Amino acid sequence: MKKYKFLIIGSKGLLGSNIVKYLRKNKISHKKIARNNSDYNLDLKNFEKLKYFFSKNKFEIVINCVAKVNIDFCEKNYKEAKLINLGLVKYLSLLSKLYSFKLVQISTDQVYFQKNFKLNKEKGRIAGVNKYSILKIKSENALKNHKNYLIIRTNFTGKRKNSFIDWLIKSIKKERTINLFSDMYTSTLDVSTCAKYIVKLSLLNANGVYNLGTKNMISKKQFAIYVSRLVKKKIYYKTTSCDILSTRRSKNLGLNVKKIEKKVGEKMITSQEAIKNLVSEYR
């Protein structure tokens, strides 16, 4: 049986690929699972093949980056979203007990729901306001009777087709008029920084729930305007509310990151620094 430090499930996605990049850079042993073009090509809907895979390989830490993250898709295709966002997590939890690996589950800031605009703490109020957040909360609960788990609630973006930053920069450069939400606040990280701290936190034997984001929060409107300043292009926009979206969202998604700062012994970057990192990728 071969032994590795990490297994990255969903290694071809935006987050998974950046975690792999960080592991390679720091020469940390790992293997990757994806549907294709990976170390192991598996259909993750086939749980029996997944079990067979774990019976032949040994890992200390398994990071699950797989999820249906399009909120509107989850609303319209609940059965398919449930299989991946909840069913897969439950099965990985069972396998982690059977094969003694630490399971790191990537969750979301979308689980938070409070009306005042203070940064959300890990023990703060959570609520499912749409089917995506409901599934994420259920997947977190599926792990909480298991000692060796780590849940990371985060929000990130990065250079990839159809990502938020990609859509934003293309819209600015093409001088499109876009809607900007003045009432939705996030602590969005650049994906490279997010990947780095996921690995660091995993290696520190952290357990339970951790927020991972910038040390402050800004609105989607403020985020976009700051991007336009850095790319030195005028932005054409209409100020509006996220209430115009077809699927309901929480508005305060800011993350209190004091817990992770204490654990890793480092201060998280600001939203402005994260945006600078993102824009630099497009230069």
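When a residue number appears, it is its place in the shown sequence, counting from 1. Every value quoted in this text rests on a predicted model; they were computed, and no experiment measured them.
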Side-chain heavy atoms of Tyr237 within contact of Ile225, under 4.5 Å: yes

Rounded distance [0.5 Å steps], CG in Leu203 versus CZ in Phe6: 4.0 Å

Lys90, NZ atom: more than 12 neighbouring heavy atoms under 6.0 Å: no

Heavy-atom neighbours of Tyr99 OH exceed 12 at 6.0 Å: yes

Phe156/Leu14 under side-chain contact (heavy atoms from CB on, under 4.5 Å): CA gap, chis, key distance, verdict: CA-CA 9 Å; Phe156 59 87; Leu14 176 59; 4.0 Å; yes

Shortest non-hydrogen separation from Lys238 to Thr177 and the atoms involved: CG-CG2, 4.1 Å

Any side-chain donor near an acceptor of the partner, Asp39 and Tyr4, under 3.5 Å: no

No-hydrogen, no-angle side-chain donor-acceptor test under 3.5 Å, Gln114 and Asn120: yes

Within-4.5 Å side-chain heavy-atom neighbours: Lys144 and Tyr149: yes

Atom of Cys194, atom of Leu15 and distance for their closest heavy-atom approach: SG-CD1, 4.2 Å

Distance, nearest 0.5 Å, that separates NZ of Lys32 from OG of Ser17: 11.0 Å

Polar side-chain atom of Asn256 near backbone of Lys258 as donor-acceptor pair, under 3.5 Å: yes

Residues, nucleotides or ligands: over 12 heavy atoms within 6.0 Å of Lys82 NZ: no

Distance-only side-chain donor-acceptor flag, Thr270 / Asn216, under 3.5 Å: no

Within 6.0 Å of NZ in Lys118, more than 12 heavy atoms from elsewhere: no

Main-chain N/O of Asn116 paired with Asn252 side-chain donor or acceptor, under 3.5 Å: yes

Test log, rule side-chain contact (heavy atoms from CB on, under 4.5 Å), inputs Gln105 and Val89: CA-CA 8 Å; Gln105 173 63 23; Val89 180; 3.6 Å; yes

Short side-chain donor-acceptor distance under 3.5 Å, Ser219 and Ser182: no

CA sep, side-chain torsions, deciding dist, call: Ser38, Asn41, side chain to side chain donor-acceptor pair (under 3.5 Å): CA-CA 6 Å; Ser38 193; Asn41 301 325; 5.0 Å; no

Cation over ring face, Lys196 and Tyr22, 6.0 Å, 45°: no

Main-chain N/O of Leu255 paired to Ser187 side chain as donor or acceptor, under 3.5 Å: yes

Rounded distance (nearest 0.5 Å) linking atom CD1 of Ile61 with atom CD1 of Ile198: 12.5 Å

Donor-acceptor contact present, side-chain Ser163 to main-chain Arg160, <3.5 Å: yes

Atom pair OG/CG of Ser107 and Asn64 - distance to nearest 0.5 Å: 11.0 Å

Whether Phe117 and Tyr185 hold their rings parallel, tilted or perpendicular, with breakpoints at 30° and 60°: perpendicular

Side-chain donor/acceptor of Asn57 to backbone N/O of Phe54, under 3.5 Å: no

Distance-only side-chain donor-acceptor flag, Asn130 / Ser133, under 3.5 Å: yes

For the student: nearest non-hydrogen atoms of Ser250 and Met184, plus distance: O-CE, 3.8 Å

Phe223 vs Leu278 side-chain heavy atoms within contact, under 4.5 Å: yes

Where Asp109 and Leu253 come nearest, the two heavy atoms and their spacing: O-CD2, 3.3 Å

Flag, side chain of Asn85 to backbone of Leu135, donor-acceptor distance under 3.5 Å: no

Stepwise salt bridge (charged side-chain N to carboxylate O under 4.0 Å, His left out) check, Lys234 with Glu175: CA-CA 8 Å; Lys234 184 176 180 179; Glu175 299 183 352; over 6 Å; no

Step-by-step side chain to side chain donor-acceptor pair (under 3.5 Å) determination, Asp183 to Ser241: CA-CA 6 Å; Asp183 58 352; Ser241 166; 2.5 Å; yes

Glu122 bridged to Arg153 by N-O distance under 4.0 Å: no

Heavy-atom donor-acceptor pair, Glu75 side chain to Lys131 backbone, under 3.5 Å: yes

Interatomic distance, His146 atom NE2 to Leu143 atom CG [nearest 0.5 angstrom]: 7.5 Å

Check: Asn277/Ser280 side-chain N/O donor and acceptor closer than 3.5 Å: no

Carboxylate-amine/guanidinium proximity below 4.0 Å for Lys76 and Asp72: no

Student check: side-chain heavy atoms of Arg249 and Val129 closer than 4.5 Å: no

Distance flag, aromatic centroids of Tyr132 and Phe73, threshold under 6.0 Å: no

Flag side-chain contact, heavy atom, 4.5 Å: Leu189 against Tyr197: no

NZ/NE/NH1/NH2 to OD/OE distance under 4.0 Å, Asp243 and Lys251: yes

Aromatic ring proximity Tyr91/Phe47, centre distance under 6.0 Å: yes

Short side-chain to backbone donor-acceptor contact, Lys136 and Ile106, under 3.5 Å: yes

4.5 Å side-chain heavy-atom contact, Asn207 and Lys102: yes

Step-by-step side-chain contact (heavy atoms from CB on, under 4.5 Å) determination, Asn148 to Phe101: CA-CA 8 Å; Asn148 200 17; Phe101 60 79; over 6 Å; no

Any donor-acceptor pair under 3.5 Å from Asn77 side chain to Glu80 backbone: no

Pairwise distance OG(Ser96) to CG(Leu103) - rounded to 0.5 angstrom: 5.5 Å

Where Leu180 and Ala224 come nearest, the two heavy atoms and their spacing: CD2-CB, 3.6 Å

Validation row: Gln272, Ile218 side chains within 4.5 angstrom (heavy atoms): yes

ILVMFWY network linking Val264 to Ile28, side-chain heavy atoms under 4.5 angstrom: yes

Thr239 and Lys221: side chain donor to acceptor below 3.5 Å: yes

Phe164 six-ring face occupied by Lys220 cation (under 6.0 Å, within 45°): yes

Atom of Ile137, atom of Ala127 and distance for their closest heavy-atom approach: CD1-C, 3.5 Å

Check: Tyr40 and Lys31 side chains under 4.5 Å, non-hydrogen atoms: yes

Check: Thr154 side chain, Leu212 main-chain N or O, donor-acceptor pair, under 3.5 Å: yes

Arg35 and Asp43 ion-paired at < 4.0 Å: yes

Salt-bridge present (Lys5, Glu60; N to O < 4.0 Å): yes

